[in-house]
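Shown next, in structure tokens, is the structure this report addresses.
In what follows, chains carry the letters A, B, and so on, assigned in the order in which the sequence lines appear, proteins first and then strands, with residues in each chain numbered from 1. In this text, all values refer to a predicted model and were calculated from it rather than measured experimentally.
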Amino acid sequence: MAINSSLAPRVPPAILSPLMSGFRLFDLNPEQERAVRTTEGPLLILAGAGTGKTRVITARVAFLIAQGVDPAQILAVTFTNKAAKEMRERLAKLVAPEQAKPVTMSTFHALCVRVLRQDIDKLGYKRNFSIYDEGDTTGLIKKIITRTAAKDEKLEANVAKSLISKAKGNGWSEVTPGDEQSLAAAVFAKYQQELKTMNAVDFDDLLLLTYKLLTEHAAVREKWQRKFRYLMVDEFQDTNRLQLELVTNLADARQNVAVVGDDDQSIYGWRGAEVSNILEFEAHFPNPTVVKLEQNYRSTNAILGTANALIKNNPRRRPKQLWSAHEGGAKVRVIGMTDDRQEADFITSEIAQRAVTEGAKHEDFAVLFRMNAQSRLVETHLRELHIPYRVVGGSSFFDAREIKDLLAYASVLLNADDDVSLLRIINTPARGIGPSVVERATELSVHKRCSVFAALQDGEFRSGLSKRAAEAIAAFTGFLDAWETKLNTPLSKQAEVLRAFIGETGYLADLKRSCKTQDEGLKRENKVVEMIRWFEDDEEAKGKSLRDFLDDMMLREEKEEDEESKGSGVTLITLHAAKGLEFPHVYLIGLEEGLLPHDRSKMEGTVDEERRLLYVGITRARQTLALTWCGHRIKYGSPMPGTASSFIKELPAEWVEHKNATQMLNAPVAAETVKGKFGALRALLENTPS
DNA sequence: CCTTGTCCGATTTTT
DNA sequence: TCGGACAAGG
Ligand SMILES: Nc1ncnc2c1ncn2[C@@H]1O[C@H](COP(=O)(O)OP(=O)(O)OP(=O)(O)O)[C@@H](O)[C@H]1O
């Protein structure tokens with residue numbers, strides 16, 4: 001109250017308007033409020049977990065709008081799709097929909113796509129460029145390696161991929177500066193040249209080319225500087241060099257750049273993230289207002305104490321004093337399991353039980369893990385208990401053959417030079433353009449530095465083929481041309497065109513035929529049909545073009561949930577993707593040596609980052625937290641012995657209790673608890689109208 | 001040219 | 001456990 005009245009004179013009237021009903025400055029503590037009110041000039045918010053950094057960003061957006069700033073001039077960038085979505089949802093609670101919508105809240109990559117779709121032609125690409133995902137790029141690199149490597153030379157596609165990615169992230173034009181001879185260097189050069197002929201970009205190009213565009217073309221830079229007057233970046237500790245450069249270039253002389261972050265939550269070092277971006281913020285944006293937040297509003301002291309004790313083990317960190325006004329709360333449980341089956345069984349049945357005894361909702365629970373693969377067992381057990389759940393991220397959906405094929409078909413229609421997509425579907429279903437023809441066309445395309453599609457059109461090439469092959473090619477290229485025209489006819493419903501096109505290809509019949517069981521065939525067919533419908537919805541509701549839709553798919557844009565499915569069910573999510581989120585009850589599974597910390601990180605000497613990862617996981621919990629580890633875990637189909645993570649030893653006895661699942665299950669339930677449970681059950685039954 | 005079968009090798013994290 | 005790479009037969 002006191003805060004509110006003392007500041008009242010400075011609050012513009014707009015803030016009090018009904019539109020802003022959800023936005024009240026007095027929901028912020030004085031430091032947070034200072035950050036929100038600092039709208040001009042560079043602003044650095046460096047603060048620990050759960051101190052309200054994201055809240056400050058969203059409140060600041062709302063405040064700017066209340067001050068009369070055009071929402072379209074506000075840019076808020078996050079690192080993951082999930083975080084972007086979370087922020088949009090939080091903003092939706094503070095401002096009216098028509099004001100929230102024009103605000104740009106996206107990931108760096110999505111923002112870059114938007115910039116490039118408008119002006120990439122200035123860099124010699126065409127505006128209908130394709131975006132290649134991880135699988136597409138590794139596939140392409142693999143092909144280039146086989147084509148380039150001499151007999152005695154070997155290079156793993158994955159290794160080349162990460163070298164190239166690292167080079168691009170640093171803005172180098174060689175794999176290692178100065179190296180133009182090695183196989184990797186040759187592969188890099190060819191890769192980049194071929195991408196350009198195919199009119200395609202990879203994820204790193206999105207950042208790199210946008211950077212080029214902004215630095216080399218003043219008009220473009222100024223256009224985007226005019227567009228975005230207020231920049232905000234969440235999780236700034238995870239930005240890489242190129243991303244920092246992008247921010248620098250988007251900011252004009254006014255330097256209205258607000259960044260928030262926490263060096264203890266830096267978990268993307270493996271992707272080139274540089275903590276120095278935030279720790280040396282002053283070097284890039286002179287004289288910033290610096291705000292430090294120390295009160296944690298999220299977690300109980302047991303959880304916060306556990307997290308603090310753990311992170312103290314990291315050397316070279318800036319010490320922080322995080323405190324919470326919340327009570328101690330239940331102790332953090334560390335539970336030993338015999339194997340991963342028991343782990344999944346234990347946590348899922350406990351969730352089912354707590355839903356009854358504690359009246360907790362399913363969406364209050366989250367299961368966090370190191371690897372996507374770990375979610376599968378938990379999913380199976382949740383299904384058995386009929387507990388609703390949702391898996392965040394994980395690529396299984398996009399890994400499905402039929403989804404890749406569908407996206408490739410669509411991609412070829414929009415950009416015929418997209419070789420990776422063309423070669424994927426050129427003979428699926430079989431249409432008489434087999435490997436040997438494709439091989440020759442590819443050779444010619446490499447030789448002439450043109451796309452495969454262009455090579456196929458080549459008169460000389462065609463005359464060198466068998467009559468059958470030549471006819472097959474003529475038929476197929478003509479077919480694509482015709483559908484491309486239909487798709488690009490103004491006012492056409494693209495989803496309908498796509499559906500008809502896929503129908504004409506005979507793809508679905510081929511897909512079903514190639515499946516072992518009828519059930520599998522129907523499932524796969526259904527996925528394709530569903531995806532087209534998904535696009536149809538997007539086209540009708542949001543006016544998205546097929547291109548927009550494909551971009552969303554490639555960037556793994558989070559699907560907006562409709563009201564019923566919104567946030568319902570237990571959340572299954574990796575530790576990385578969980579950053580920035582919070583849940584009342586968290587289960588953090590698989591705390592075994594070799595998994596967390598991961599074996600790889602030990603070899604690479606990045607155990608500190610693994611510790612931060614666990615720190616991030618622990619600090620997602622609001623009320624209760626359980627950490628589990630297994631004596632055995634199924635790996636490659638057979639059980640492998642495992643031991644508790646070395647991090648467990650670093651947790652403070654004061655806030656942690658150690659348990660064993662088998663003993664817990666066998667132990668007689670205390671009479672007190674039984675009474676409590678039956679009481680809760682009875683209450684539940686009595687309150688349920690029948 | 002296309003289909004079918006067998007064997008082997010892979011698994012961090014995200015855009 | 002599962003999917004991709006390769007080899008052999010229609
Ligand atoms: N001044 C405040 N009063 C009450 N609750 C607050 C306040 N500030 C933040 N919170 C609450 O604390 C929780 C954490 O906030 P937020 O997610 O913004 O933190 P954060 O700093 O972004 O966390 P992290 O870095 O761990 O992702 C949220 O539930 C938020 O609503």
Side-chain angles (χ1 to χ4, degrees), chain A residues 77-84 106-113 131-139 142 146 156-158 162 165 168-169 201-208 210 235 238-240 242-243 266-273 368-374 376-377 392-396 398-401 404 427-439 466 468-469 472 510 513-514 516 551-558 573-579 590 594-604 606 609-610 612-614 616-617 633-640:
Chain A
V77 189
T78 62
F79 213 59
T80 61
N81 289 314
K82 186 73 199 165
S106 76
T107 61
F108 273 102
H109 294 265
L111 174 69
C112 289
V113 171
I131 302 170
Y132 285 169
D133 68 14
E134 210 67 24
D136 297 330
T137 45
T138 3
K142 204 180 226 162
T146 31
E156 205 73 49
N158 282 328
S162 65
S165 182
K168 286 190 181 182
V201 303
D202 64 15
F203 287 141
D204 299 311
D205 282 337
L206 290 175
L207 303 177
L208 186 59
T210 306
E235 312 284 9
D238 287 322
T239 51
N240 66 20
L242 223 35
Q243 287 163 331
S266 153
I267 54 174
Y268 284 96
W270 52 276
R271 223 174 103 171
L368 271 49
F369 36 79
R370 177 70 232 262
M371 287 195 297
N372 283 304
Q374 288 173 264
R376 277 183 64 165
L377 249 191
V392 177
S395 45
S396 49
F398 294 94
D399 287 344
R401 188 176 82 225
K404 287 193 199 161
N427 210 29
T428 311
R431 46 174 76 88
I433 310 177
S436 75
V437 181
V438 169
E439 172 76 42
S466 71
R468 268 176 59 152
D510 186 63
R513 202 184 35 77
S514 69
K516 283 195 190 69
D551 286 350
D552 286 358
M553 293 299 108
M554 298 317 282
L555 296 177
R556 307 288 188 264
E557 203 73 54
E558 287 280 323
I573 190 168
T574 62
L575 290 164
H576 281 89
K579 187 153 58 73
L595 193 52
L596 184 66
H598 197 273
D599 276 331
R600 262 308 221 278
S601 75
K602 292 190 187 173
M603 298 192 298
E604 289 163 9
T606 53
E609 183 156 306
E610 299 284 302
R612 288 193 292 268
L613 200 48
L614 179 55
V616 166
R633 176 172 297 278
I634 308 277
K635 244 181 178 176
Y636 308 137
S638 48
M640 304 284 280

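A straight line from CG of A/Leu242 to P of B/dT15 spans 17 Å, rounded to a whole angstrom. One atom, CZ of A/Phe398, and another, C1' of B/dT15, lie 12 Å apart when rounded to the nearest Å. In this entry the distance linking CD1 of A/Ile267 with P of B/dT15 reads 11 Å, nearest Å. For the pair A/Glu610 CD and B/dT13 C1', the computed distance is 8 Å after rounding to whole Å. Spacing between atom CD of A/Glu134 and atom P of B/dT14 amounts to 11 Å, rounded to whole angstrom units. Atom CG in A/Leu555 sits roughly 15 Å away from atom P in B/dT14 (whole-Å rounding). Distance, A/Glu609 CD to B/dT14 P: 13 Å, rounded to whole Å. Look at CG on A/Leu575: it is 11 Å from P on B/dT13, rounded to the nearest Å.
In summary, A/Asp133 and A/Arg556 engage in a salt bridge, as defined by a charged side-chain N under 4.0 Å from a carboxylate O. A salt bridge does not link A/Lys404 to A/Asp136: none of the charged side-chain nitrogens sits closer than 4.0 Å to a carboxylate oxygen.
Each of A/Ala110 and A/Ile433 has a nearest nucleotide on DNA chain B; the 5'-most of these lies closest to A/Ile433. For the pair A/Ser436 and A/Glu604, nearest-nucleotide mapping onto DNA chain B gives the more 5' position to A/Ser436.
Distances shorter than 4.0 Å separate some side-chain N or O of A/Asn372 from OP1 or OP2 on B/dT14. Taking 4.0 angstrom as the limit, A/Asn427 places none of its side-chain polar atoms (N or O) nearer than this to OP1 or OP2 of B/dC1. The phosphate of B/dT3 (OP1 or OP2) has no side-chain N or O of A/Ser514 nearer than 4.0 angstrom.
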Checklist outcome for this item: Counting primed atoms, P, OP1 and OP2 as sugar-phosphate and everything else as base, the B/S/- map of nucleotides 1-10 of chain C against protein heavy atoms under 4.0 Å is BS--S-----
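A donor-acceptor contact shorter than 3.5 Å links the side chain of A/Gln374 to the backbone of A/Met371. Checking side-chain atoms of A/Ser638 against main-chain N and O of A/Ile634 turns up no donor-acceptor pair under 3.5 Å. A side-chain donor-acceptor contact under 3.5 Å links A/Thr80 to the backbone of A/Ala83.
For A/Arg271 and B/dT14, a side-chain-to-base donor-acceptor distance below 3.5 Å is present, hydrogens and geometry of angles not being considered.
Note: A/Phe108 CZ to A/Thr239 OG1 = 6.0 Å, rounded to the nearest 0.5 Å.
In this pair, A/Phe108 does not lay its aromatic ring on the base of B/dT15; centres under 5.5 Å and planes under 30 degrees do not both hold.
Looking at heavy-atom distances under 4.0 Å, A/Val437 makes contact with sugar-phosphate atoms alone, never a base. A/Arg612 comes within 4.0 angstrom of nothing in the nucleic acid, heavy atoms only. A/Asp599 comes within contact range of no nucleotide atom at all, as no heavy-atom separation falls under 4.0 Å.
Side-chain proximity of A/Trp270 to B/dC2, B/dT15, B/dT13: nearest is B/dT13.
Of all heavy-atom pairs spanning A/Glu610 and A/Leu595, the tightest one is OE1-O, 4.2 Å.
Around CZ of A/Arg376, the count of heavy atoms belonging to other residues, nucleotides or ligands within 6.0 Å does not exceed 12.
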